[in-house]
Colleague: 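Can you read through this structure? Questions will come right after.
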Amino acid sequence: TNEQLPDLHNHFCDLHLEAHMYASQWFLTLFTAKFPLCMVFHIIDLLLCEGLNIIFHVALALLKTSKEDLLQADFEGALKFFRVQLPKRYRAEENARRLMEQACNIKVPTKKLKKYEKEYQTMRESQLQQEDPMDRYKRENRRLQEASMRLEQENDDLAHELVTSKIALRNDLDQAEDKADVLNKELLLTKQRLVEAEEEKRKQEEETAQLKEVFRKQLEKAEYEIKKTTAIIAEYKQICSQLSTRLEKQQTASKEELEVVKVKMMTCKHCSDIFSKEGTLKLATISREDQGLEPDDEKDALKKQLREMELELAQTKLQLVEAKCKIQELEHQRGALMNEIQAAKNSWFSKTLNSIKTATGTQPLQPPPATQLPKEST
């Protein structure tokens with residue numbers, strides 16, 4: 001600093017502020033103790049590129065940039081400035097970059113640094129030779145005592161850290177053992193649940209097989225009933241068709257016979273007076289004298305035959321109506337059976353799907369809905 005910054009050097013001499021009071025930490029830690037990392041990275045890059053001399057360049061650049069503040073500070077203020085204010089100034093990346101540029105521009109001859117090193121070594125040797133051996137031994141003893149005290153303090157710190165670590169490890173071990181016990185209990189409970197689930201699965205599979213067999217039998221029975229009912233319906237339809245054909249034939253025959261009777265009645269003079277052309281009695285036109293006459297045998301026979309034909313016609317119509325009602329009833333039974341079969345198929349399919357899902361573990365088993373067995377048709 002005497003050659004680069006003479007006024008600052010004189011100020012430090014007046015304050016009795018020596019270089020090792022502020023610069024030793026810089027050199028020993030490569031500026032990592034106080035300064036931000038962005039600045040330290042630049043310093044390490046320059047150190048790898050330029051060598052150890054860059055450390056002196058950075059130190060001189062720091063002193064140059066802080067010259068005005070240091071000239072106005074006293075001893076305590078200068079030390080506080082080096083410790084607090086100077087590192088804060090280079091937290092910004094731009095300030096650190098400008099400092100590195102200024103450090104690179106500073107020229108410090110290598111020969112002069114070697115000369116200073118030799119002078120320092122010579123001065124150190126002369127001081128050691130001139131120093132009283134008793135004072136040197138006392139200083140060495142004091143240094144050793146300080147080192148011993150420092151080592152004892154480090155030993156106490158290490159012992160405290162060891163005890164603390166043992167306590168922490170013991171607590172962690174206890175927690176781990178408690179957690180292991182809980183996990184073991186959960187494992188046993190899970191195994192028990194697994195066994196129960198497998199047993200339940202086996203029961204459900206057996207029940208499913210039984211339900212499948214029952215529904216298969218019911219389905220076969222229902223199909224047989226459907227076939228039987230279909231055959232009965234076909235027979236009833238055939239019978240109704242035959243009855244309808246027979247009824248139509250009888251009606252035609254009755255009409256033909258009725259026409260023949262009408263023709264005969266109209267040809268008979270006595271009957272034509274009694275019956276009209278439509279075949280009804282002419283009660284209104286019969287005189288009081290004719291009412292007292294006895295009907296003859298032919299008129300009675302015709303009336304009896306007509307009544308029988310009308311009765312037979314009514315019975316035939318009644319049989320036809322009964323046949324149609326029976327057909328409607330059979331159709332209704334057939335529809336009910338088809339609905340029951342479809343419901344049984346849907347219930348069987350849902351139960352089978354539910355049992356498959358339960359077996360694969362995709363969802364919890366649900367109780368199958370109660371289904372009514374199809375009724376047997378008579």
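Everything quoted here is computed from the prediction, not taken from an experiment.
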Colleague: Side chains of Phe56 and Ile106: closer than 4.5 Å at any heavy-atom pair?
Modeller: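 Side-chain contact under 4.5 Å: no.
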Colleague: Do Leu71 and Leu5 share a hydrophobic cluster (ILVMFWY, side-chain heavy atoms under 4.5 Å, transitive)?
Modeller: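 Leu71 clusters together with Leu5.
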Colleague: Between Ile226 and Thr230, which heavy-atom pair has the shortest distance, and what is it?
Modeller: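 Between these two residues, the closest heavy atoms are O-OG1, 2.5 Å.
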Colleague: Could you grab the distance from atom NZ of Lys179 to atom CG of Asn184, nearest 0.5 Å is fine?
Modeller: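 These two atoms lie 12.5 Å from each other.
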Colleague: Within a strict 4.5 Å, meaning less than it, do heavy atoms of the Phe215 and Gln218 side chains meet?
Modeller: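 They are in contact (side-chain heavy atoms under 4.5 Å apart), so the answer is yes.
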Colleague: Counting N and O atoms only, with roles assigned by atom type, does the side chain of Asn141 sit under 3.5 Å from a partner on the main chain of Tyr137, one being a donor and the other an acceptor?
Modeller: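 No; judged by distance alone, with no hydrogens or angles, the pair does not exist.
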Colleague: Of the non-hydrogen atoms in Phe81 and Gln85, which two are nearest, and what is the gap between them?
Modeller: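 For Phe81 versus Gln85, the nearest heavy atoms are CD1-OE1, 3.0 Å.
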Colleague: Do you reckon Ile167 sits in the same ILVMFWY cluster as Leu162, going by side-chain contacts under 4.5 Å, direct or chained?
Modeller: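 No.
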Colleague: Please give the remaining members of the hydrophobic cluster of Phe41, linking ILVMFWY side chains under 4.5 Å, ordered by chain and number.
Modeller: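 ILVMFWY cluster around Phe41 also holds Leu37.
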Colleague: Hydrophobic clusters here meaning ILVMFWY residues chained together by side-chain heavy-atom distances under 4.5 Å, can you tell me if Leu30 and Leu46 are in one?
Modeller: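 In one cluster with Leu30: Leu46, yes.
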Colleague: ring-ring contact (aromatic ring centres under 6.0 Å, His included) with Phe31: which residues, sequence neighbours excluded?
Modeller: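 Result, ring-ring contact (aromatic ring centres under 6.0 Å, His included) vs Phe31: Trp26, Phe35.
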Colleague: Working to the nearest 0.5 Å, report the span between SG of Cys13 and CG of Leu8.
Modeller: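 Here the rounded value is 9.5 Å.
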Colleague: Establish whether Leu28 and Ile54 are linked, either directly or via other cluster members, by ILVMFWY side-chain heavy-atom contacts under 4.5 Å.
Modeller: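 Different hydrophobic clusters.
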Colleague: Is the backbone of Leu151 close enough, under 3.5 Å, to the side chain of Asn155 for a donor and an acceptor to pair up by distance?
Modeller: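 No, the answer is negative, given that no donor and acceptor are paired below the 3.5 Å cut-off.
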Colleague: Count the heavy atoms belonging to other residues, nucleotides or ligands that lie under 6.0 Å from NE2 of His160, then report whether that count exceeds 12.
Modeller: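 Count not over threshold, so no.
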Colleague: Indicate yes or no: does Asp181 engage Lys185 in a salt bridge with an N to O separation below 4.0 Å.
Modeller: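 Salt bridge between Asp181 and Lys185, a charged N being under 4.0 Å from a carboxylate O: no.
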Colleague: Is a side-chain donor or acceptor of His42 paired with a backbone partner of Glu93 at a separation under 3.5 angstrom?
Modeller: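 No; judged by distance alone, with no hydrogens or angles, the pair does not exist.
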Colleague: Where the side chain of Ser148 meets the backbone of Leu144, is there a donor-acceptor pair that is under 3.5 Å apart?
Modeller: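 Side chain of Ser148 to backbone of Leu144: no pair is present.
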Colleague: Would you find more than 12 non-hydrogen atoms of other residues, nucleotides or ligands less than 6.0 Å from Leu187 atom CG?
Modeller: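 Yes - once you tally the heavy atoms of other residues, nucleotides and ligands closer than 6.0 Å, there are more than 12.
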Colleague: Do Leu311 and Arg307 have side-chain heavy atoms sitting under 4.5 Å apart?
Modeller: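 With C-beta onward as the side chain, the pair stays apart.
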Colleague: In sequence, state the C-alpha distance, the side-chain angles, and the governing distance for Met100 and Ile43, and then conclude on side-chain contact (heavy atoms from CB on, under 4.5 Å).
Modeller: CA-CA 7 Å; Met100 294 302 105; Ile43 294 173; 3.8 Å; yes
Colleague: Answer yes or no: is there a side-chain heavy-atom contact under 4.5 Å between Lys88 and Arg91?
Modeller: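 Yes, at least one pair of side-chain atoms sits under 4.5 Å.
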Colleague: Testing the basics here: between Arg89 and Asn95, what is the closest heavy-atom pair and its distance to 0.1 Å?
Modeller: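 The answer is O-ND2, 3.0 Å.
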Colleague: Check this for me, if you would: do Glu225 and Lys228 make a salt bridge, where the nitrogen-to-carboxylate-oxygen distance has to be below 4.0 angstrom?
Modeller: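 Salt bridge absent between Glu225 and Lys228.
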Colleague: Between Ser66 and Leu63, is there a donor-acceptor pair closer than 3.5 Å when you use the side chain of the first and the backbone of the second?
Modeller: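 Absent.
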Colleague: Please determine if Arg97 and Glu101 form a salt bridge, counting it only when a charged side-chain N lies under 4.0 Å from a carboxylate O.
Modeller: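 Yes.
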Colleague: Counting only N and O atoms by type, is there a donor-acceptor contact under 3.5 Å from the side chain of Ser254 to the main-chain atoms of Gln250?
Modeller: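 Judged by distance alone, yes, a pair lies under 3.5 Å.
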Colleague: Would you please test Arg202 and Glu206 for salt bridge (Lys or Arg N to Asp or Glu O under 4.0 Å) and show each step?
Modeller: CA-CA 6 Å; Arg202 187 182 60 79; Glu206 293 177 357; 2.7 Å; yes
Colleague: How long is the span from the CD1 atom in Ile327 to the CD atom in Glu322, to the nearest 0.5 Å?
Modeller: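 Nearest 0.5 Å value for the CD1-CD distance: 12.0 Å.
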Colleague: Quick one: pull up CZ in Arg83 and CD in Glu76 and give me the separation to the nearest 0.5 Å.
Modeller: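 Rounded to the nearest 0.5 Å, the CZ-CD separation comes to 8.5 Å.
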Colleague: Above 12 or not: heavy atoms from other molecules or residues under 6.0 Å from CZ of Arg246?
Modeller: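 Check fails, neighbour count at 12 or below.
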Colleague: List the residues meeting side-chain contact (heavy atoms from CB on, under 4.5 Å) with Glu198, not counting sequence neighbours, and say none if there are none.
Modeller: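 Only Leu194 meet the side-chain contact (heavy atoms from CB on, under 4.5 Å) criterion with Glu198.
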Colleague: Rounded to the nearest 0.5 Å, how far does CD of Glu18 lie from OG of Ser24?
Modeller: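 Spacing of OG (Ser24) from CD (Glu18) equals 11.0 Å.
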Colleague: Do Asp174 and Arg170 have side chains that get closer than 4.5 Å, going by heavy atoms?
Modeller: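 In short, these two side chains touch, coming nearer than 4.5 Å.
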Colleague: I want to check something: taking the side chain as every heavy atom from C-beta on, are Val40 and Ile44 in contact at a cut-off of under 4.5 Å?
Modeller: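 A side-chain contact under 4.5 Å exists here.
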Colleague: Report whether Leu243 and Leu247 are members of the same hydrophobic cluster (ILVMFWY, side-chain heavy atoms less than 4.5 Å apart, transitive linking).
Modeller: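 In one cluster with Leu243: Leu247, no.
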Colleague: Give, for atom NZ of Lys249 and atom OG1 of Thr252, the distance between the pair rounded to the nearest 0.5 Å.
Modeller: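 The NZ atom of Lys249 sits 9.5 Å away from the OG1 atom of Thr252.
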Colleague: What I want to find out is whether Lys255 reaches Glu259 closely enough, with some N-O distance under 4.0 Å, to be called a salt bridge.
Modeller: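 No salt bridge links Lys255 with Glu259.
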Colleague: For Glu94, look at atom CD and say whether over 12 heavy atoms of other residues, nucleotides or ligands are found less than 6.0 Å away.
Modeller: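 Enclosed.
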Colleague: Do you know which two heavy atoms are closest between Pro36 and Pro87, and how far apart they sit?
Modeller: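 Heavy atoms only, the tightest pair is CD-O, 3.7 Å.
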Colleague: Is the number of heavy atoms from other residues, nucleotides or ligands within 6.0 Å of CZ (Arg334) greater than 12?
Modeller: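 Atom CZ in Arg334 is not crowded, with 12 or fewer foreign heavy atoms closer than 6.0 Å.
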Colleague: List the steps, then state whether side-chain contact (heavy atoms from CB on, under 4.5 Å) holds for Thr65 with Tyr90.
Modeller: CA-CA 11 Å; Thr65 55; Tyr90 296 101; 2.7 Å; yes
Colleague: Would you call Phe82 and Leu62 a side-chain contact if the rule is heavy atoms closer than 4.5 Å?
Modeller: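 In short, these two side chains do not touch, never coming nearer than 4.5 Å.
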Colleague: Quick one: are Glu329 and Lys326 in side-chain contact, heavy atoms under 4.5 Å?
Modeller: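 Result yes, sub-4.5 Å side-chain heavy-atom pair found.
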Colleague: Less than 4.0 angstrom from a charged side-chain N to a carboxylate O is my criterion; do Lys227 and Glu223 meet it?
Modeller: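 No, this pair does not count.
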Colleague: What are the two closest heavy atoms between Leu99 and Met39, and how far apart are they?
Modeller: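 What the structure gives for the nearest pair is CD2-CE, 3.2 Å.
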Colleague: After noting the C-alpha distance and the side-chain angles of Met21 and Phe75, does the key distance pass the side-chain contact (heavy atoms from CB on, under 4.5 Å) rule?
Modeller: CA-CA 11 Å; Met21 296 180 180; Phe75 182 82; 3.9 Å; yes
Colleague: To check you understand the geometry: which heavy-atom pair defines the closest contact between Ala73 and Leu15, and what is its length?
Modeller: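 Distance-wise, the nearest heavy atoms are O-CD1, 3.6 Å.
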Colleague: Would you check, one step at a time, whether the test side-chain contact (heavy atoms from CB on, under 4.5 Å) holds for Lys212 with Arg216?
Modeller: CA-CA 6 Å; Lys212 285 181 181 178; Arg216 186 182 63 79; over 6 Å; no
Colleague: Can a donor-acceptor pair be found between the side chains of Glu200 and Gln204 at a distance below 3.5 Å?
Modeller: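 A pair is found: one side chain offers a donor N or O, the other an acceptor, under 3.5 Å apart.
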